J.: 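The structure's right below; bear with me while I get my questions together.
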Amino acid sequence: MSWSSLIPATSFMPIQATEIAKEVDLLYAFLIIASLVSFVILIGGMTWFLIKFKRTSLDQKSAYITHNNFAEFLWSFIPLVIMMGIFYWGMVIFEKLRTPPEDVAAEIHVTAEQWAWTYRYANGKEFYSSANDPMIIPAGKATKLILTSKDVIHSFYVPAFRTKQDAVPGKLTQLWFEPKQPGEYIVFCTEYCGTKHSGMMIKIKAIPSEEYAAWYHAEKKGADTPADLGKTLFAQKACASCHSIDGSRVVGPTMKGLFGSERKFTDGTKTKADENYLRESILVSSAKIVETYPAAMPLFQGQLSDEDVANLIEYIKSIK
Amino acid sequence: MSSAHTKTEHGHADHNYLNHGSGIWSWMTTLDHKRIGLMYFATVATLFLIGGFFALGIRLHLAKFGAEPLLDPDTYNKFMTFHGAIMVFMVIIPGIPAFLGNFVLPIQLGAKDVAFPRLNLASYYIFIAGAAIAASSMIFNQVDTGWTFYTPYSTAKTSNGVILLVLGAFTMGFSSILTGLNFIVTTHKLRAPGMTMDRIPLMIWALYSTSIIQILATPILAITLLLIGAEKTLGVGIFDPDLGGDPVLFQHFFWFYSHPAVYIMILPAMGVISELITAFSKKTIFGYRAIAYSSVAIAAVSFLVWGHHMFVSGQSTIAGIVFSIITMFVGVPTAIKLFNWISTMYRGTVTFEAPMLFALGFMFLFTIGGLTGVFLASTGMDVHFHDTYFVVAHFHYVMVGGTLMALMGGILYWFPKMFGRMTSDLGGRISWVLIFTGFNVTFFPQFVLGAMGMPRRYFDYLPEYTNLNQISTVGSWLIGLGFLVGLITIIHGIFKGEKATDNPWGAKTLEWQTSSPPPHENFINTPTVTAGPYDFR
Ligand code: HEM
Ligand SMILES: [Cu+2]
């Protein structure tokens with residue numbers, strides 16, 4: 001679009017590393033132009049009146065005007081319409097930012113703590129950010145992060161991708177992005193988290209996806225993948241006595257194809273089984289009871305660490 | 001008592017509220033709303049100087065002029081916290097209602113005092129007690145959470161000083177509620193004969209709407225703060241996930257108060273601006289009803305938008321979208337007010353004394369602040385800007401640019417009424433030029449920093465942000481200097497200012513119909529009202 005390149009708006013923004021960044025910047029350019037126009041109408045109009053109607057002699061009289069319904073209607077209605085437009089435009093972008101595509105090339109569990117990040121890949125590779133390891137991701141493909149925190153709230157912000165998401169203790173949140181080109185991008189923590197808040201930076205390094213595949217499969221760091229560890233736990237905690245992994249019905253729902261499916265609950269609500277839902281169901285199963293099943297599962301809260309839960313989730317995801 | 005005043009029918013009262021009793025004790029125990037207003041003034045001004053000291057410290061540190069950082073990270077975080085907490089809870093929230101509102105509201109209504117004078121004095125002492133408790137956290141056990149006290153940082157990871165600070169804020173909340181209650185009852189019960197609800201000045205409409213918010217929202221803050229205290233001392237698990245709580249719940253509670261609170265800060269400012277613009281345009285306010293009702297509308301809608309502070313907190317996407325659309329609805333009454341004020345100037349006869357300059361400064365800064373609010377209200381855009389300097393710039397433009405400009409304008413406007421003397425117009429103008437320029441130099445670059453991605457509450461930053469931060473710091477010195485000049489102008493006015501007439505600006509509202517300064521009970525004969533408040537025919 002030509003009008004958006006009229007102003008150097010995007011030059012103050014960080015580089016546009018994703019498609020969505022471009023869309024965000026287009027909205028930004030529109031907002032800047034619309035604001036400039038509004039500002040000129042308001043403050044320009046005011047300045048003009050101030051000059052034109054400056055008092056010049058003591059006995060001057062002002063006009064007696066109390067209101068004007070038509071003008072008042074217009075200046076309520078027009079801003080309303082414009083703001084609804086801006087709302088809608090923002091919403092469209094927001095939904096894209098929040099909805100990862102079906103097929104993601106890399107899924108990384110990110111755990112924040114004061115003042116570092118740990119990232120764990122599906123095959124067990126694990127990095128602690130203060131070791132200065134950038135987060136390696138494939139370029140041109142979607143990456144999904146599953147975020148949580150060990151202590152206080154942190155927030156994962158990648159200016160070049162125009163996206164951020166809080167990492168909340170006791171909760172799993174998610175974030176996705178798809179950088180177009182290989183490159184290094186900075187990540188800030190944007191939720192105040194104490195002394196070294198501003199030092200909590202890491203880098204994301206996007207590399208060509210063949211290179212990524214090679215890197216990903218080269219020397220594993222952990223012996224077992226999270227899914228393997230989850231499988232062991234599944235057996236240890238006797239989950240299998242109530243949940244099948246082949247689709248058959250036992251006491252509780254089967255794990256087969258569970259991840260991503262739609263769950264209907266006894267209270268009539270519905271949700272898609274994502275990481276957060278699984279986490280809640282494992283720790284406090286009584287929170288939501290799936291239709292036609294009894295509320296029979298014991299509480300695992302306090303018995304499983306965050307890492308155990310993450311491993312179990314990875315195992316459940318693998319039972320397709 | 002009333003017989004003592006009858007000899008001064010009008011004008012040059014030799015007996016007024018300032019000399020109606022002398023000695024410090026007569027002030028400390030006064031039930032006169034005007035004196036209580038001035039006591040708030042002295043208190044808030046002192047707190048403002050302390051908050052300003054922290055602000056200049058923060059900016060000086062961020063300029064990175066020397067090779068060594070000025071502050072260490074922990075000290076920086078404490079400066080940041082005290083600056084925010086003092087400015088929000090002790091300066092901007094009480095500033096206009098408790099000080100100007102207390103002074104002006106009963107006189108504008110033609111009343112002798114507020115409905116509950118004793119409660120009014122009690123509110124003042126509760127405020128002092130709260131401020132003292134909060135200040136003790138500065139001395140004993142310092143706090144570094146930021147003024148938003150997000151959990152579990154505040155409950156699990158930092159010093160117990162938080163308890164003192166939240167207890168202080170909790171206490172000040174009562175003062176706020178009681179003042180609001182007093183204003184509402186006063187407005188309903190003590191209007192002069194003939195003053196119907198559609199003849200009350202817009203300042204009163206603004207204070208009235210503010211009071212409603214204060215009464216409804218402050219208890220939520222109070223409970224939230226108590227829960228923080230309970231969690232910290234007793235280990236009750238409400239917000240800390242390690243204890244089974246939910247940290248995002250705290251944010252819901254906190255913003256359910258603190259979003260309406262931003263309107264506690266700005267609505268009274270809008271009231272002041274409405275008075276100033278008519279008085280200095282010598283013209284009836286345009287769209288009296290629209291301005292009055294939009295204040296009430298803002299008060300109502302402000303309760304429904306808190307979630308726009310939490311677009312990336314992990315609340316659901318749909319919640320974000322709903323909060324976004326409702327937030328856009330608050331923008332409309334705000335825009336209506338701007339249009340009304342500007343139309344008031346149309347075909348008026350405008351003069352530019354210092355108070356009017358502050359009103360015009362308000363218009364300029366508030367417009368920028370309001371427009372950038374729309375950026376933030378748009379979800380897809382806010383994800384990038386949330387918790388960056390863009391937000392810092394936005395809320396300083398609206399709150400500081402808005403509220404403090406209105407406060408300065410209001411002080412200079414009502415000064416003759418308060419002290420019976422004029423301030424130096426030149427002093428006011430110099431102060432204005434410095435504050436206005438300094439303000440833009442300080443905060444405009446922060447929009448750019450935010451767009452570039454610099455997060456807020458950062459002790460340190462990337463090299464590419466250096467220049468803009470340095471410009472911002474230099475701007476903060478201009479603001480500081482501007483307020484210093486303003487303070488000197490005010491002090492000079494109190495002791496050496498020219499004698500003021502009863503109505504130096506030729507305004508129409510009731511407070512200008514009594515003497516300057518007014519007698520102890522405001523009017524010698526209760527006025528009767530026969531027309532609207534701004535009848536410049
Ligand atoms: C009326 C005067 C206003 C005041 C006093 C005000 C004040 C504030 C304050 C203090 C904050 C920051 C809170 C913090 O995190 O510390 C803020 C943020 C915000 N304001 Fe305003 N504001 C005003 C007008 C507006 C308007 C008109 C809109 C939208 C149409 C708006 C939308 C927002 C949004 C969406 C945020 C959250 C930004 C974020 O944290 O990402 N504001 N405002
Ligand atoms: Cu952090």
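Chain A is the first sequence line, chain B the second, and so forth, proteins listed ahead of strands; every chain is numbered from 1. This one's a predicted model, so the numbers in the text were calculated from it and none came from an experiment.
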J.: Is A/Asn69 close to chain B through its backbone or its side chain, or both, or neither, when contacts mean heavy atoms under 4.5 Å?
T.: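 Nothing of A/Asn69, per the 4.5 Å heavy-atom cut-off to chain B.
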J.: Out of B/Gly314, B/Gly348, B/Gly506, which one racks up the most heavy-atom pairs below 4.5 Å with chain A?
T.: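 Greatest number of close heavy-atom pairs with chain A: B/Gly348.
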J.: Quick check: are there more than 12 heavy atoms from other residues, nucleotides or ligands sitting under 6.0 Å from CZ of A/Phe265?
T.: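 Yes, because the 6.0 Å sphere around CZ of A/Phe265 holds more than 12 heavy atoms from other groups.
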J.: Would you give the length of the straight line joining atom SG of A/Cys193 to atom OH of B/Tyr153, rounded to the nearest 0.5 angstrom?
T.: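 Rounded to the nearest 0.5 Å, the SG-OH separation comes out at 8.0 Å.
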J.: Flag the one option from B/Ser281, B/Ala290, B/Pro241, B/Ala335 with the top tally of heavy-atom pairs under 4.5 Å to chain A.
T.: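 Going by pairs under 4.5 Å, I would pick B/Pro241.
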J.: Is A/Gln60 close to chain B through its backbone or its side chain, or both, or neither, when contacts mean heavy atoms under 4.5 Å?
T.: both
J.: Between A/Phe39 and B/Phe364, does the ring pair (Phe, Tyr, Trp, His ring centres under 6.0 Å) criterion hold? Intermediate values first, please.
T.: CA-CA 9 Å; A/Phe39 185 81; B/Phe364 186 98; 5.2 Å; yes
J.: Any non-hydrogen side-chain atom of A/Ser38 less than 4.5 Å from a side-chain atom of B/Leu371?
T.: yes
J.: Can you tell which of A/Lys96, A/Gln114, A/Lys196 has the highest number of heavy-atom pairs within less than 4.5 Å of chain B?
T.: A/Gln114
J.: In terms of heavy-atom proximity below 4.5 Å to chain B, should A/Leu80 be classed as side chain, backbone, both, or neither?
T.: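 Both backbone and side chain.
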J.: What's the separation between atom OG1 in B/Thr284 and atom CD1 in A/Ile65, rounded to the nearest 0.5 Å?
T.: 9.0 Å
J.: Measuring from atom CD1 of B/Ile318 to atom CZ of A/Phe94, what distance do you get when rounded to the nearest 0.5 angstrom?
T.: 10.0 Å
J.: Would you compute the distance between atom CG of A/Leu27 and atom OG1 of B/Thr379 and round it to the nearest 0.5 angstrom?
T.: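 If we round to the nearest 0.5 Å, A/Leu27:CG and B/Thr379:OG1 are 9.0 Å apart.
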J.: Do A/Glu95 and B/Ile321 have side chains that get closer than 4.5 Å, going by heavy atoms?
T.: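 When only atoms from C-beta onward are counted, B/Ile321 and A/Glu95 do touch, with a gap below 4.5 Å.
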J.: Counting distance only, does the side-chain N/O of A/Ser198 pair as donor-acceptor with the main-chain N or O of B/Asp460 below 3.5 Å?
T.: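 Side chain of A/Ser198 to backbone of B/Asp460: a pair is present.
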J.: Is it the backbone or the side chain of A/Thr173 that comes under 4.5 Å from a heavy atom of chain B, or both, or neither?
T.: side chain
J.: Minimum heavy-atom separation for B/Ser378 and A/Gly90, please, with both atom names.
T.: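 Shortest heavy-atom separation between B/Ser378 and A/Gly90 comes out as OG-CA, 3.3 Å.
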J.: Please confirm whether A/Phe12 and B/Phe390 have ring centers closer than 6.0 angstrom.
T.: no
J.: Using a cut-off of under 4.5 Å on heavy-atom pairs, state which of B/Lys282, B/Lys157, B/Met80, B/Arg537 scores highest against chain A.
T.: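 So the answer, after comparing B/Lys282, B/Lys157, B/Met80, B/Arg537, is B/Arg537.
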J.: Are any of the side-chain heavy atoms of B/Tyr288 and A/His67 separated by less than 4.5 Å?
T.: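 Answer no - side chains too far apart.
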J.: Could you state the interatomic distance from NZ (A/Lys61) to CZ (B/Arg347), rounded to the nearest 0.5 Å?
T.: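 That separation rounds to 13.0 Å.
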J.: May I ask you to name which of B/Trp341, B/Tyr458, B/Tyr461 has the most heavy-atom pairs under 4.5 Å with chain A?
T.: B/Tyr458
J.: Do you know which of B/Asn77, B/Asp387, B/Thr148 makes side-chain hydrogen bond (donor to acceptor under 3.5 Å, both in side chains) with A/Tyr192?
T.: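 Exactly one candidate clears the test, B/Asn77.
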J.: Could you report the tightest heavy-atom contact between A/Arg98 and B/Phe311, atom names first, then the distance?
T.: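 Shortest heavy-atom separation between A/Arg98 and B/Phe311 comes out as NH1-O, 3.6 Å.
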J.: Do A/Pro169 and B/Pro152 have side chains that get closer than 4.5 Å, going by heavy atoms?
T.: yes
J.: Should B/Phe329 and A/Phe87 be marked as a ring pair (Phe, Tyr, Trp, His ring centres under 6.0 Å) after you check the CA-CA gap, both sets of side-chain angles, and the distance that decides it?
T.: CA-CA 10 Å; B/Phe329 288 127; A/Phe87 154 75; 8.8 Å; no
J.: Apply side-chain contact (heavy atoms from CB on, under 4.5 Å) to residues B/Tyr150 and A/Val152 and explain how you reach the verdict.
T.: CA-CA 9 Å; B/Tyr150 271 21; A/Val152 303; over 6 Å; no
J.: Looking at every non-hydrogen atom in both residues, tell me the closest pair between A/Ile43 and B/Met363 and how far apart they are.
T.: CD1-O, 3.7 Å
J.: Do A/Met13 and B/His384 pass the side-chain contact (heavy atoms from CB on, under 4.5 Å) test, and can you show the C-alpha distance, the side-chain angles, and the key distance before you say yes or no?
T.: CA-CA 10 Å; A/Met13 286 294 223; B/His384 178 60; 3.5 Å; yes
J.: How many angstroms lie between CZ in A/Phe49 and OG in B/Ser343, if you round to the nearest 0.5 Å?
T.: 6.5 Å
J.: Which heavy atom of B/Gly380 sits nearest to which heavy atom of A/Val24, and what is that distance?
T.: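 For B/Gly380 versus A/Val24, the nearest heavy atoms are O-CG2, 4.2 Å.
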J.: Centroid separation under 6.0 Å, is that true for the rings of A/Tyr157 and B/His386?
T.: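 Centroid separation for B/His386 and A/Tyr157: 6.0 Å or greater.
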J.: Examine whether an atom of A/Tyr88 lies under 4.5 Å from a heavy atom of chain B, and if so say whether it belongs to the side chain, the backbone or both; otherwise answer neither.
T.: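 Answer is neither: A/Tyr88 stays 4.5 Å or more from chain B.
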J.: Counting only heavy atoms not in A/Tyr277, do more than 12 sit closer than 6.0 Å to its OH atom?
T.: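 Above 12, so yes.
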J.: Might you point out which heavy atoms bring A/Arg55 and B/Thr351 nearest each other, and give the distance in Å?
T.: CD-CG2, 3.3 Å
J.: Would you say the side chain of A/Trp48 lies within less than 4.5 Å of the side chain of B/Tyr346, judging by non-hydrogen atoms?
T.: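 Result no, sub-4.5 Å side-chain heavy-atom pair not found.
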J.: May I have the step-by-step check of side-chain contact (heavy atoms from CB on, under 4.5 Å) for B/Phe459 and A/His197, ending in yes or no?
T.: CA-CA 8 Å; B/Phe459 159 81; A/His197 172 49; over 6 Å; no
J.: Where does the angle between the aromatic ring planes of A/Trp75 and B/Phe339 fall among parallel (under 30°), tilted (30 to 60°) and perpendicular (over 60°)?
T.: parallel
J.: If you compare all heavy atoms of B/Phe375 against all heavy atoms of A/Ser35, which two are closest, and at what distance to 0.1 Å?
T.: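 It is CE1-OG, 3.1 Å.
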J.: Which residues pass the side-chain hydrogen bond (donor to acceptor under 3.5 Å, both in side chains) test with A/Thr195, sequence neighbours left out?
T.: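 With neighbours one apart ignored, the set is B/Asp74.
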J.: Less than 4.5 Å apart, side chain to side chain, heavy atoms only: is that true for A/Leu42 and B/Ile342?
T.: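 Result yes, sub-4.5 Å side-chain heavy-atom pair found.
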J.: So do B/Gln251 and A/Ile153 actually touch side chain to side chain, heavy atoms under 4.5 Å?
T.: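 Counting from C-beta outward, A/Ile153 and B/Gln251 do come under 4.5 Å.
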J.: Which pairs, with at least one residue in residues 144-156 of chain A and sequence neighbours excluded, count as a salt bridge (charged side-chain N to carboxylate O under 4.0 Å, His left out)?
T.: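 Those involving residues 144-156 of chain A are A/Glu113-A/Lys150, A/Lys144-A/Glu275.
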J.: Under 4.5 Å from any heavy atom of chain B, what part of A/Lys54 do you find: side chain, backbone, both or neither?
T.: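 Both the backbone and the side chain of A/Lys54 come within 4.5 Å of chain B.
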J.: Going through the distances and angles, do A/Leu50 and B/Met345 end up as a side-chain contact (heavy atoms from CB on, under 4.5 Å)?
T.: CA-CA 7 Å; A/Leu50 292 175; B/Met345 300 169 196; 3.7 Å; yes
J.: Can you confirm whether A/Ile186 sits close enough to B/Leu462 that some side-chain heavy atom of one is under 4.5 Å from a side-chain heavy atom of the other?
T.: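 Contact flag for A/Ile186/B/Leu462 side chains = yes.
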J.: Does any heavy atom of chain B fall under 4.5 Å from the side chain of A/Tyr64, the backbone, both, or neither of them?
T.: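 Just its side chain gets close to chain B.
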J.: Taking B/Lys283 for the side chain and A/Ala63 for the main chain, is one N or O donor matched with an acceptor at less than 3.5 Å?
T.: no
J.: Flag the one option from B/Ser313, B/Ala156, B/Gly532 with the top tally of heavy-atom pairs under 4.5 Å to chain A.
T.: B/Ser313
J.: Do A/Ser62 and B/Thr349 have side-chain N/O donor and acceptor atoms under 3.5 Å apart?
T.: yes
